Amino acid sequence: MTDLRVRIAPSPTGTVHLGLCRTALFNWAYAKKRGGTFVLRVEDTDKTRSTRESEEAILEGLRWLGVNWDEGPDVGGPYAPYRQSERAGGHGVLIEELLRSGSAYRCFCTPERLAEVREVQEKAKETPRYDGTCRDLSPEESQRRADAGEPFAVRFRIPDGATTIHDLVRGDVTFEHKEIDDWIMARRDGSPTYNFVVVSDDLAMKITHVFRGEEHLVNTPKQTLLYQAMGQEPPRFGHLPLMLGKDRKKLSKRSGDTALGDYIANGYPKEAIVNFLCLQGWALDGETEVFDVDTFVENFDIENVQKAGAVFDIDKFRWLSADTIRRMGIPELAQEVAPFTVKAGQMSESDIASRQDWFQRLVAGEQERIELFSEFPGRVASFFEADDAVTYADKAEAGARKHDARIEILRSFAEWLKGREAGESPEDMAGAAKAWVKDRGLKFPALFQPLRCALTGMAGGRDLFDCIDLLGRDSALARIETAMTRLA
RNA sequence: GGCCCCAUCGUCUAGUCAGGCCUAGGACACCAGGUUUUCAUCCUGGCGACGGGGGUUCAAAUCCCCCUGGGGUCACCA
C-alpha cells in the first residue's frame with residue numbers, strides 16, 4: 001500500500017448520475033492499479049437537498065458496479081467520519097485561524113443587498129461579483145460588529161497575482177486572481193460551504209489526487225489558494241472531460257436517462273455499463289472496444305484521458321449490452337433475465353426454478369436476439385398465451401397469407417407432425433420437415449411462414465422446431481388448428 | 001458577456017507530449033452483398049474526418065499564432 005489516496009465525494013442530492021459512476025470508476029482504477037487507497041466521502045453540505053435515501057442509493061449503485069472503497073461512511077476508516085455533516089467540528093477552528101491571519105474576512109452584507117448588487121451588475125452587463133464592501137473593514141470594526149451580534153458570512157480574501165494549476169489531464173492552466181471572486185467559506189449560520197469543506201476534508205484525509213469532472217476546473221484556483229493560505233500543499237488535480245448529451249451539453253435528464261438505476265432497470269448488464277463508462281474519455285488501445293474491468297484497471301492512467309467532452313452514444317451502449325449478453329453463459333443469462341420474466345407476470349420464481357431446463361432453453365433461443373435483459377419477456381410472450389389466442393403481428397399474418405395453399409399445408413403438416421415419434425430432437429425433426437417440404441415440391445417459406453405465424457404470431461424468431469419442442473406437441477398442434485381458422 | 005477548457009469520420013476514439021512509419025487505424029450507426037426456414041447472430045465490402053487561415057520545417061493531424069465553432073463556469077448549490 002502506497003500513500004496514494006484518491007476519493008470520490010458525491011453530494012447525496014438525487015439519483016446516481018452516470019457521470020458520478022465514471023468519475024468513481026476512474027478514481028478507483030487509479031488507486032487500485034497503484035496500490036493506493038480509495039475513499040468515499042459523502043458531501044452532504046447542503047442540508048436542504050441532501051437525503052439519506054440518496055446517500056444509500058449512491059453507495060448501493062457504486063457497490064453494484066463493483067467499485068469498492070477502502071474507507072467510507074459504511075465501512076469506516078482511520079479518518080472517520082466520512083459523512084461531511086458529521087465532520088463539522090474542525091471547520092470552525094480552521095475558519096477562526098484564517099480570519100486571524102487575514103486570509104478570510106467577515107462579510108456583514110445581507111443576502112438582499114448582495115442580490116441587488118448582482119442585479120445591477122447584470123443589467124450593466126458586467127460579470128456579477130462581490131463588490132468588496134466588507135473586504136477592507138478594519139479588524140477592530142469587524143470584531144466589534146461581530147461582538148454586537150450582527151450576522152456575518154466568512155469570505156476568502158483572494159490575493160493579488162495569478163495561479164497556475166498543473167492539471168494531469170490538461171496541463172498547465174492559469175487563472176488571474178482578479179477574475180476570482182472573494183468566495184464564501186461559511187454562511188451566516190456558520191455552516192461551511194462546499195469549496196471550503198472539500199479542501200479541509202481532503203487535507204484531513206490526506207488525499208493526494210483529485211480526479212473530478214471538468215465543471216470543477218474553475219473551482220480549482222480557489223481551492224489551491226486556500227491550501228496555500230493554510231500553508232499546505234494542494235493535491236494533484238485531473239479534470240475529466242464532461243459526458244455530453246445528444247445536444248452536446250452536459251449530460252442531463254433532458255437529453256436522456258442519466259441515472260444508473262434507469263439503465264439497470266432497462267436491463268443493461270453490469271459489465272456493459274462499466275465497459276461503456278470506461279470508453280467515455282478513455283480508450284484501451286484504440287482497437288479493442290470490449291474489455292473487462294480488470295483490463296481497465298491494469299491499463300488505466302489519468303494521462304491517457306481525453307480532454308474533449310464525450311457525447312453519450314446510446315446506440316453504442318446498446319450494442320455493447322447486446323454483445324455482453326451474447327457472450328454470457330446460458331445459466332447466467334437465465335438468472336439475469338428471470339426477474340424480468342417474473343415482473344412481466346409470465347412465470348413465478350418457483351415456476352422458473354421448477355422448470356429451469358425449459359426456461360434455459362427459452363432463454364438460449366433469445367440470446368442473440370435481445371440487446372437488453374428487459375426485452376426478453378416481450379420476445380417470448382407468445383409462449384405464455386393461450387393456444388387459441390396467440391397474438392398475430394400484422395407482418396406475421398401478412399407473410400402467412402401470401403401463400404394461397406397455407407391452410408392445406410398447415411393441415412398436412414399437422415398430420416405429419418402427429419405421426420412423428422415422440423422425443424425426437426428439434427434438429428432431427430427440422431431435417432425431416434425440410435425433406436418433407438422438398439418432397440412435396442414446395443419452397444420452405446410456404447410452410448414456415450404460416451407455421452411461424454400459427455406458433456408464435458411473430459414474423460421472425462428462433463427455430464420453429466425449437467418452438468414446437470418448447471411448446472410441446474399438443475400445444476403446437478392446437479395452435480396450428482386455430483391458425484387454420486384464423487388464417488382462412 | 002468575462003474567465004477557463006476543448007477541436008480527427010454523424011458518434012466513441014487511435015495517432016498529437018518525443019513532426020516523417022498516416023494515400024489517418026479501430027468500433028458504433030448507416031448502406032450493399034453472403035450465410036439462414038424467418039428474425040437475429042455471423043462473415044465480406046462500402047460510405048465517412050485531421051474546422052478555416054497563416055506560419056516554423058526538407059517534412060505538420062502532430063509545433064506556434066489568429067479566426068471560427070462547441071462546451072464549462074460565474075450562488076450564503078455542489
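By convention in this document, chain letters (A, B, ...) are assigned in the order of the sequence lines, proteins followed by strands, and residues within each chain are numbered from 1. Note that the coordinates shown come from a computational prediction; the quantities given were computed from them, not determined experimentally.
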Check the interface with nucleotides 75-77 of chain B: list each N/O to N/O pair with the protein under 3.5 Å, or write none.
residue: B/C76; atom: O2; partner: A/Arg188; partner atom: N; Å: 2.8
residue: B/C76; atom: N4; partner: A/Cys109; partner atom: O; Å: 2.6
residue: B/C76; atom: N4; partner: A/Arg188; partner atom: NE; Å: 3.2
residue: B/C77; atom: OP2; partner: A/Arg187; partner atom: NE; Å: 2.0
residue: B/C77; atom: OP2; partner: A/Arg187; partner atom: NH2; Å: 2.8
residue: B/C77; atom: O3'; partner: A/Arg187; partner atom: NH2; Å: 3.2
residue: B/C77; atom: O2'; partner: A/Asp46; partner atom: OD2; Å: 2.7
residue: B/C77; atom: O2'; partner: A/Arg49; partner atom: NH2; Å: 3.1

Original post:
What does A/Glu289 touch in the nucleic acid at a heavy-atom separation under 4.0 angstrom: a base, only the sugar-phosphate, or nothing?
Top reply: base

**OP:** Tell me what A/Asp167 touches on the nucleic acid: a base, only sugar-phosphate, or nothing, going by heavy atoms under 4.0 Å.
**Re:** nothing

Original post:
How long is the gap from CD on A/Gln121 to OG1 on A/Thr127, to the nearest 0.5 Å?
Top reply: 8.5 Å

**OP:** Find which nucleotide of RNA chain B each of A/Phe175 and A/Asn304 is nearest to by heavy atoms, and output the residue with the more 5' nucleotide.
**Re:** A/Phe175

Original post:
Any donor-acceptor pair under 3.5 Å joining the side chain of A/Arg452 to the base of B/U38?
Top reply: yes

**OP:** Look at the side chain of A/Glu179 against the base of B/G2 and say whether a donor-acceptor pair falls under 3.5 Å; ignore hydrogens and angles.
**Re:** no

**OP:** Report yes if a side-chain nitrogen or oxygen of A/Lys250 is closer than 4.0 Å to either non-bridging phosphate oxygen (OP1 or OP2) of B/U73; otherwise report no.
**Re:** yes

**OP:** For B/A61 and B/G19, measure between their P atoms and round to the nearest Å.
**Re:** 14 Å

Subject >> Steps toward side chain to side chain contact (heavy atoms under 4.5 Å, CB included) verdict (A/Cys467, A/Arg462) >> reply: CA-CA 7 Å; A/Cys467 293; A/Arg462 74 221 290 156; 3.5 Å; yes

Original post:
Does B/A29 have OP1 or OP2 sitting under 4.0 Å from an N or O in the side chain of A/Arg318?
Top reply: no

Subject >> Over 12 foreign heavy atoms within 6.0 Å of CG, A/Asp160 >> reply: no

Original post:
Base, sugar-phosphate, or nothing for A/Leu464, non-hydrogen atoms under 4.0 angstrom?
Top reply: base

Original post:
A/Val218 has a side chain; which of B/C6, B/C28, B/U73 sits nearest to it?
Top reply: B/U73

Original post:
If the P atom of B/G51 is compared with that of B/C12, how far apart are they to the nearest Å?
Top reply: 14 Å

Original post:
Which of these nucleotides, B/C28, B/A78, B/G71, is closest to any side-chain atom of A/Glu214?
Top reply: B/G71

Subject >> A/Lys125 NZ - B/C3 C1' separation (whole Å) >> reply: 18 Å

**OP:** Provide the distance between the two C1' atoms, one in B/C17 and one in B/A75, to the nearest whole Å.
**Re:** 38 Å

Original post:
Say you pick atom C1' in B/G52 and the same atom in B/G33; how far apart are they, in whole Å?
Top reply: 39 Å

Subject >> Separation of B/C4 P from A/His216 NE2 (nearest whole Å) >> reply: 20 Å

Subject >> Interatomic distance at C1', B/G20 relative to B/U36, whole Å >> reply: 49 Å

Subject >> Euclidean distance for P, B/C47 against B/A60 (whole angstrom) >> reply: 26 Å

Original post:
Applying a 3.5 Å limit to both distances, which nucleotide forms a Watson-Crick or G-U wobble pair with B/A7?
Top reply: B/U68

Original post:
Is any N or O donor-acceptor pair between the side chain of A/Arg170 and the base of B/C5 shorter than 3.5 Å?
Top reply: no

Original post:
Cation-pi between A/Arg145 and A/Phe152: NZ/CZ under 6.0 Å from ring centre and within 45° of the ring axis?
Top reply: no

Subject >> Touch class at under 4.0 angstrom, heavy-atom based, for A/Lys443 against every strand present >> reply: nothing

Original post:
If you look at every strand shown and take non-hydrogen atoms under 4.0 Å, does A/Thr13 touch a base, only sugar-phosphate, or nothing?
Top reply: nothing

Original post:
Whom does B/G1 pair with, Watson-Crick or G-U wobble, provided both distances fall under 3.5 Å?
Top reply: B/C74

**OP:** Sugar-phosphate means primed atoms, P, OP1 and OP2; the rest is base. With that split, encode nucleotides 19-24 of chain B 5' to 3' as B, S or - using protein heavy atoms under 4.0 Å.
**Re:** ------

Original post:
Pick the nucleotide of RNA chain B nearest each of A/Phe317 and A/Phe448; which residue has the one closer to the 5' end?
Top reply: A/Phe317

**OP:** Locate the shortest heavy-atom distance separating A/Gly461 from A/Arg379; write the atom from each residue and the value.
**Re:** CA-NH2, 4.0 Å

**OP:** Using a heavy-atom cut-off of under 4.0 Å over every strand shown, decide if A/Gly281 touches base, sugar-phosphate, or nothing.
**Re:** sugar-phosphate

Original post:
Which one of A/Val197, A/Leu94, A/Ile184, A/Val198 satisfies the side chain to side chain contact (heavy atoms under 4.5 Å, CB included) criterion with A/Pro192?
Top reply: A/Val197

**OP:** Would you mind pulling out the nucleotide paired to B/U41, Watson-Crick or G-U wobble, both distances under 3.5 Å?
**Re:** none

**OP:** Kindly say if A/Arg326 contacts the phosphate of B/C42, meaning a side-chain N or O under 4.0 Å from OP1 or OP2.
**Re:** yes

**OP:** Could you check which of B/G71, B/A27, B/G25 has an atom nearest any side-chain atom of A/Arg248?
**Re:** B/G71

Subject >> Nearest-Å distance for atom pair CD/P, residues A/Gln306 and B/U16 >> reply: 12 Å

Original post:
So, A/Asn275 side chain and A/Glu289 main chain: donor-acceptor pair closer than 3.5 Å or not?
Top reply: yes

Original post:
To the nearest Å, how far apart are A/Asp466 CG and B/U36 P?
Top reply: 19 Å

Original post:
Has A/Gln280 got a side-chain N or O lying under 4.0 Å from the OP1 or OP2 atom of B/U13?
Top reply: no

**OP:** Measure from the side-chain heavy atoms of A/Leu242 and tell me the nearest of B/G71, B/A7, B/A78.
**Re:** B/G71

Original post:
When rounded to the nearest Å, what value does the distance between P atoms of B/C5 and B/G46 take?
Top reply: 41 Å

**OP:** Tell whether A/Lys316 reaches the base of B/C12 with its side chain through a donor-acceptor pair below 3.5 angstrom.
**Re:** yes

**OP:** Answer yes or no: does atom CG of A/Asp285 have more than 12 heavy-atom neighbours from other residues, nucleotides or ligands under 6.0 Å?
**Re:** yes

Original post:
Run the side chain to side chain contact (heavy atoms under 4.5 Å, CB included) check on A/Val169 and A/His239 step by step: do they pass?
Top reply: CA-CA 6 Å; A/Val169 173; A/His239 288 90; 5.6 Å; no

Original post:
In whole Å, what separates the C1' atom of B/C50 from that of B/C42?
Top reply: 33 Å

Original post:
Does the pair A/Phe276 and A/Tyr268 meet the rule for a ring-ring contact (aromatic ring centres under 6.0 Å, His included), with working shown?
Top reply: CA-CA 11 Å; A/Phe276 182 71; A/Tyr268 284 78; 8.5 Å; no

Subject >> Presence of salt bridge, A/Arg318 and A/Asp315, under 4.0 angstrom >> reply: no

**OP:** May I ask you to say what A/Glu126 touches in the nucleic acid, namely base, sugar-phosphate or nothing, with a heavy-atom cut-off under 4.0 Å?
**Re:** nothing

Original post:
Nearest-Å distance, NZ (A/Lys307) to C1' (B/G70)?
Top reply: 17 Å

**OP:** Measure from the side chain of A/Asp313, starting at C-beta and using heavy atoms only, and say which of B/C4, B/A14, B/G10 lies closest.
**Re:** B/G10

Original post:
So which nucleotide from B/G72, B/U41, B/C5 ends up closest to the side chain of A/Leu217?
Top reply: B/C5

**OP:** Kindly determine whether A/Phe312 and A/Leu18 satisfy side chain to side chain contact (heavy atoms under 4.5 Å, CB included), including the steps that lead there.
**Re:** CA-CA 10 Å; A/Phe312 186 89; A/Leu18 286 184; 3.6 Å; yes

Subject >> salt_bridge(A/Arg52, A/Glu55) N-O dist < 4.0 Å >> reply: yes

